[in-house]
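Comments concern the structure below.
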Amino acid sequence: MAKLILQSGRERSVLRRHPWLFAGAIAHLSGRAKAGDTVDILADDGRALGRAAFSPESQIRARLWTFDPEETIDDAFFKRKVAQAVERRQALPELVGQQGLRLLHAESDGLPGVIADQYGDTVVLQLTSAGAEKWRSAIVGALQKATGCARIFERSDSEVRRLEGLEPVTGWLLGEAPKTPLVIDENGVRLGVDIAGGHKTGFYLDQRENRLLLRTLAAGKSVLNCFCYTGGFSLQALAGGASEVLSIDSSEPALVQAEANLALNPDLPAERAQWLETDVFQALRDFRKEGRLFDIVVLDPPKFAPSAAHAERAARAYKDVNLFGFRMLKPGGLLMTYSCSGGVGLEMFQKIIADAAHDAGREARIVRRLAGSADHPVALNFPEGEYLKGLLVQA
Ligand code: SAH
């Protein structure tokens, strides 16, 4: 096996079990290794630190599979890791019985570059690193064994694969397309999931707990749901007794699915729901002119900052959308606001929201800090895993 020898002092992050090694941390490669091959990681004094997947095209040159220099990376390794991740979720009562569930959350489950989401008996796999790509069939076998799923679909078409020199790949890895559309029950609401054409693996499972929180807040309230995608928050608001729910998204297919989702739930009062296909920034400007106000405003925008380098521009976009959001709120209203940008940390996000409130001339207070659902854990040795953050703010 080839050896990757680190620069002096650069073993420190590995000793703290951070799984990434950037190009600048590496002194040299001893032996030959291709993209995705397993390499031994050595400190400059020759001490063995663990084993990693080599990624010659990426700035993240290696991702550690294990911090045990003796552990073999083979099919059995992936069986163990996948089984443990599934068991951890089964040990959390709130996740037991969820039909939509993230099974593998990459680095935070000890599997860099591997994401797997379960929708009923179908698992959607996304591989984003050269190492994950190399072990595709081992991961598929492990997922099948741990879940007993009937089908596995690959959605490895995320942009980040380019940084690894990987082409987009999609298609069935196990079984074939089901005859009927895929539908999950999320806390009493039925939602269709387009695993082949939808965003990410088809659905935003990370907001499950937050959608449920909205349900508990919505009775008798008017709700504005911005960036609604397929209506997850909107339907929970209706289930919670909202008096009206106006949902906005710029994506036509997302709204077509949202209306189909509403139809899947005949118990919900469809007449209280309204869908608007437009740009949120434009819509909120127009509403302001019309003087429209809501009891609850949800803002769940897309990732404005893919990395810390984009943070400044993203900060302006977050500031603007939250400023508009505050202006839409009735006195005493609630703003439920999120950022899923890894490059925007919690402290920065809170500051942006404070600036937005100030510019809107609103005095407001945080009544809850919000995060991703429990099946999207953040490993303590991998703080980068904390991408989704939110605040519930009372004006
Ligand atoms: N809250 C959703 C997930 C939102 S994802 C849920 O719980 O499922 C972000 C959404 O913002 C996507 O559906 C995308 O189509 C939409 N979007 C991105 N930019 C937009 C814009 N400028 N105006 C309106 N919608 C936008």
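Note that ligands are numbered from 1 as they come in the structure, with each ligand's atoms numbered from 1 the same way. Numbers here are sequence positions counted from 1.
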Counting both backbone and side chain atoms, is some N or O of R211 under 3.5 Å from an N or O of ligand 1?
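For ligand 1, there is an N or O atom that lies under 3.5 Å from one belonging to R211.
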Can you pull out the closest protein heavy atom to [atom]? Residue, atom name and distance to 0.1 Å, please.
{"atom": "atom 18 (C) of ligand 1", "answer": "P302 CG, 3.4 Å"}
{"atom": "atom 23 (N) of ligand 1", "answer": "V280 N, 2.9 Å"}
{"atom": "atom 4 (C) of ligand 1", "answer": "F227 O, 3.2 Å"}

Near [X], which atoms of ligand 1 are under 4.0 Å from a heavy atom of that residue?
{"X": "D279", "answer": "21 (C), 22 (N), 23 (N)"}
{"X": "Y204", "answer": "3 (C), 5 (S), 8 (O)"}
{"X": "F233", "answer": "1 (N), 7 (O)"}
{"X": "H199", "answer": "12 (C), 13 (O), 14 (C), 15 (O)"}
{"X": "T278", "answer": "23 (N), 24 (C)"}
{"X": "D300", "answer": "1 (N), 2 (C), 3 (C), 4 (C), 9 (C)"}
{"X": "S251", "answer": "15 (O)"}

Parallel, tilted or perpendicular: which fits the ring planes of [X] and [Y], with parallel below 30° and perpendicular above 60°?
{"X": "Y338", "Y": "F233", "answer": "tilted"}
{"X": "H18", "Y": "F382", "answer": "tilted"}
{"X": "Y229", "Y": "Y204", "answer": "perpendicular"}
{"X": "F324", "Y": "F281", "answer": "perpendicular"}

Taking the non-hydrogen atoms of A254, is any one of them nearer than 4.0 angstrom to ligand 1?
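For ligand 1, residue contact (heavy atoms, under 4.0 Å) with A254 is absent.
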Can a non-hydrogen atom of D249 be found less than 4.0 Å from any atom of ligand 1?
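Yes, D249 has a heavy atom closer than 4.0 Å to ligand 1.
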Which bit of Y229 gets closer than 4.0 Å to ligand 1, counting heavy atoms only: side chain, backbone, both or neither?
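The part of Y229 near ligand 1 is both the backbone and the side chain.
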Tell me which part of S250 gets within contact of ligand 1: side chain, backbone, both or neither, using heavy atoms under 4.0 Å.
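Looking at S250 and ligand 1, atoms from backbone and side chain both fall under 4.0 Å.
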Candidates R102, R208, R89 - the one meeting side chain to side chain donor-acceptor pair (under 3.5 Å) with D375
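Exactly one pass, corresponding to R208.
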Does CD in E271 sit with more than 12 non-hydrogen atoms of other residues, nucleotides or ligands closer than 6.0 Å?
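Correct, the count exceeds 12.
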Would you please indicate if the ring centroids of W135 and F77 are separated by under 6.0 Å?
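They do not qualify: ring centres at least 6.0 Å apart.
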Ring centres under 6.0 Å, that's the criterion: do Y318 and F304 meet it?
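They qualify: ring centres under 6.0 Å apart.
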Is the positively charged end of R292 above the ring of F287, judged by distance under 6.0 angstrom from the centroid and angle within 45° of the axis?
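The answer is yes; both the distance and angle limits are met.
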I41, T66, L4 screened by side chain to side chain contact (heavy atoms under 4.5 Å, CB included) with L49, the one that passes:
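The side chain to side chain contact (heavy atoms under 4.5 Å, CB included) with L49 is passed solely by I41 among I41, T66, L4.
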